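Heads up, the thing below is written out as structure tokens.
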Number of protein chains: 2
Amino acid sequence: MQLLLNFLTRNKPTFLYGISLAFLLFLLKWLELRFLIINHAFEIYIGAIAVLFTVLGVWLAQKLTKPKIETVFVEKEIIVKKSDDFILNEAELSQTGLSKRELDVLQLMAAGYSNQEIAERLFVSLNTVKTHSSNVLEKLDVKRRTQAVEKAKRLRLIP
Amino acid sequence: MQLLLNFLTRNKPTFLYGISLAFLLFLLKWLELRFLIINHAFEIYIGAIAVLFTVLGVWLAQKLTKPKIETVFVEKEIIVKKSDDFILNEAELSQTGLSKRELDVLQLMAAGYSNQEIAERLFVSLNTVKTHSSNVLEKLDVKRRTQAVEKAKRLRLIP
DNA sequence: TTTTCGCTCATTCTTTCGGGTGATTTACCG
DNA sequence: CGGTAAATCACCCGAAAGAATGAGCGAAAA
């Protein structure tokens, strides 16, 4: 700031001359414009009207038309951790057609019990358990009990 | 097009009469308008300009305004499978003393494969797989493969 | 009432599993 | 170099699993 002032005071005459010249040029241009306005008053008036109403039109459009809304749907992925609490998939269960007893056997199979142990826990004979387990394998469309357990867990039939 | 021409030629007199009438009415209206225009020529001109540029403004606004983009986030549940966030429990793994090959067999056991199928997948003999599986059962201290799978999953040795 | 379905049990037969034991090869470690 | 552990394969045997079939019983549905 101080530097600028110094600069101005040291070049005073030059600046005065420059400013005078600029003022004169501005005056000339203004006079010229006045002529233009006087000679073309009508056109300028019309132009002003045009501009004014164009602006009005734009304003009206903005005010009256419904805002253009473009809706963009973005899928937001919510990661849900597979919780430990088990909710039975009843849809899949009915899909398989497993009976209550067969589900019992399946659960014990998943717990790693042998057919004999399952029989003891369910108070039925070994043969009965074998029948049930065969039905389970067939209904789940698998060949081995390990596969049955794997599939049952995948289908949320058992925890 | 041909049809329209036929229609016109067949109803020629009616059309001529109609057109004449329309023309006369138009003429009358125009004369009336002329008076109006002569008396208020300037105002009408200005009005026309105003209307024209208002319309132009509206059109411009419609054309130039960017559509407002509304983003809607649709929440999508993703159930993360247990297997996805599986981290091998190295501590438990070394605890059991399972060898790499035994772990391979254990994984295929968990997938529900029979010893024979595992042998085919690992390009070894059935006897080898039986040896490995026996070792797995012993090292996991279980009696059946279903139990081995259950325990391995519990110890986070496999997904 | 007849039919259907789930549960029960049995028998027979085949396949798979699991335990036990032993042998060979390879690789690594002290 | 010898010791050790892993990996491979083999054979035997008993247990378990699974497939196929038949059948009795009771409750619920048609």
Side-chain angles (χ1 to χ4, degrees), chain A residues 88-155 157-158, chain B residues 88-155 157-158:
Chain A
L88 195 141
N89 188 339
E90 314 232 17
E92 286 290 351
L93 180 59
S94 60
Q95 190 87 16
T96 58
L98 282 174
S99 72
K100 188 186 175 300
R101 207 57 168 167
E102 286 159 357
L103 190 59
D104 289 343
V105 171
L106 177 57
Q107 284 167 343
L108 291 174
M109 267 170 52
Y113 293 113
S114 69
N115 285 342
Q116 185 58 60
E117 289 168 334
I118 295 173
E120 287 160 12
R121 265 161 196 75
L122 295 182
F123 303 104
V124 295
S125 80
L126 172 60
N127 287 311
T128 302
V129 174
K130 288 177 92 172
T131 303
H132 287 321
S133 77
S134 279
N135 290 336
V136 168
L137 296 185
E138 191 184 348
K139 288 181 179 176
L140 288 182
D141 191 30
V142 293
K143 293 220 167 296
R144 274 170 290 283
R145 49 173 55 210
T146 45
Q147 288 181 338
V149 170
E150 192 272 331
K151 187 159 189 176
K153 289 197 175 189
R154 192 151 42 76
L155 296 182
L157 304 180
I158 53 176
Chain B
L88 196 141
N89 189 339
E90 314 230 19
E92 287 290 350
L93 180 58
S94 59
Q95 189 89 16
T96 58
L98 281 174
S99 73
K100 187 186 175 301
R101 209 55 168 168
E102 286 159 356
L103 190 60
D104 289 344
V105 171
L106 177 56
Q107 284 168 344
L108 292 173
M109 268 172 52
Y113 293 114
S114 68
N115 285 342
Q116 183 59 59
E117 289 169 335
I118 295 173
E120 286 160 12
R121 265 159 195 76
L122 295 182
F123 304 105
V124 294
S125 78
L126 172 60
N127 288 313
T128 303
V129 174
K130 288 176 81 172
T131 303
H132 287 319
S133 76
S134 278
N135 292 336
V136 169
L137 295 185
E138 192 183 347
K139 288 181 179 177
L140 287 183
D141 190 31
V142 293
K143 293 221 165 296
R144 274 170 293 282
R145 49 173 57 210
T146 45
Q147 288 180 338
V149 170
E150 193 272 331
K151 187 160 188 174
K153 290 197 175 189
R154 193 153 40 77
L155 295 182
L157 305 180
I158 53 176

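By convention in this document, chain letters (A, B, ...) are assigned in the order of the sequence lines, proteins followed by strands, and residues within each chain are numbered from 1. These numbers come from a predicted model, not from an experiment.
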Taken to the nearest whole Å, NZ/B/Lys143 to P/C/dT16 is 23 Å
Scan side-chain atoms only and decide if A/Asn135 and A/Arg101 contain a donor-acceptor pair under the 3.5 Å cut-off. no
If you check the B/His132 side chain, which of D/dC12, D/dA7, D/dC11 turns out closest? D/dA7
Nearest to the side chain of A/Val124 - C/dT8, D/dA17, D/dC11? C/dT8
Per B/Thr131 side chain, nearest of listed nucleotides D/dA19, D/dA10, D/dA7: D/dA10
Nearest-nucleotide wise, let me know which of A/Asn135 and A/Lys130 is further upstream toward the 5' end of DNA chain C. A/Asn135
Does OP1 or OP2 of C/dT8 have a side-chain N or O of A/Thr128 closer than 4.0 Å? no
Just N and O in the side chain of A/Arg144: are any of them under 4.0 Å from OP1 or OP2 of C/dT16? no
If I take atom CG from residue B/Leu140 and atom CD from residue B/Glu150, how far apart are they, to the nearest 0.5 angstrom? 10.5 Å
Would you kindly give the CD1-to-P distance between A/Ile118 and C/dC9, to the nearest whole Å? 14 Å
Among C/dC9, C/dG19, D/dG18, the nucleotide that comes nearest once only the side chain of A/Ser125 is considered: C/dC9
Under 4.0 Å from OP1 or OP2 of D/dA10: is there any side-chain N or O of B/Asn127 that close? yes
Would you say A/Arg145 places a side-chain N or O within less than 4.0 Å of OP1 or OP2 belonging to D/dG18? yes
Do the side chains of B/Thr146 and A/Met109 get nearer than 4.5 Å, heavy atoms only? no
Measure the distance from CG on B/Leu106 to P on C/dG18 and round it to the nearest whole Å. 12 Å
Let me know, please, whether A/Val142 or B/Lys100 comes out on the 5' side of the other along DNA chain D by nearest nucleotide. B/Lys100
Report which part of the nucleic acid A/Leu137 touches: base, sugar-phosphate, or nothing (heavy-atom distance under 4.0 Å, all strands). sugar-phosphate
What is the distance from CG of A/Leu126 to P of C/dC9, rounded to the nearest Å? 11 Å
Without swapping roles, check the side chain of B/Gln147 against the backbone of B/Lys143 for a donor-acceptor pair under 3.5 Å. yes
Looking at A/Asn115, I'd like to know whether one of its side-chain N or O atoms comes within less than 4.0 Å of OP1 or OP2 on D/dA17. yes
B/Leu103 atom CG is separated from D/dA7 atom P, nearest whole Å, by 10 Å
Whole-Å distance between C/dT16 P and B/Leu108 CG? 16 Å
Rounding to a whole Å, what distance do you find between A/Glu102:CD and D/dG18:P? 14 Å
Flag the pair B/Leu122 / B/Thr128 as yes when at least one side-chain heavy-atom distance between them is below 4.5 Å, and no otherwise. no
What is the distance, to the nearest angstrom, from the CD atom on A/Gln116 to the C1' atom on D/dA17? 12 Å
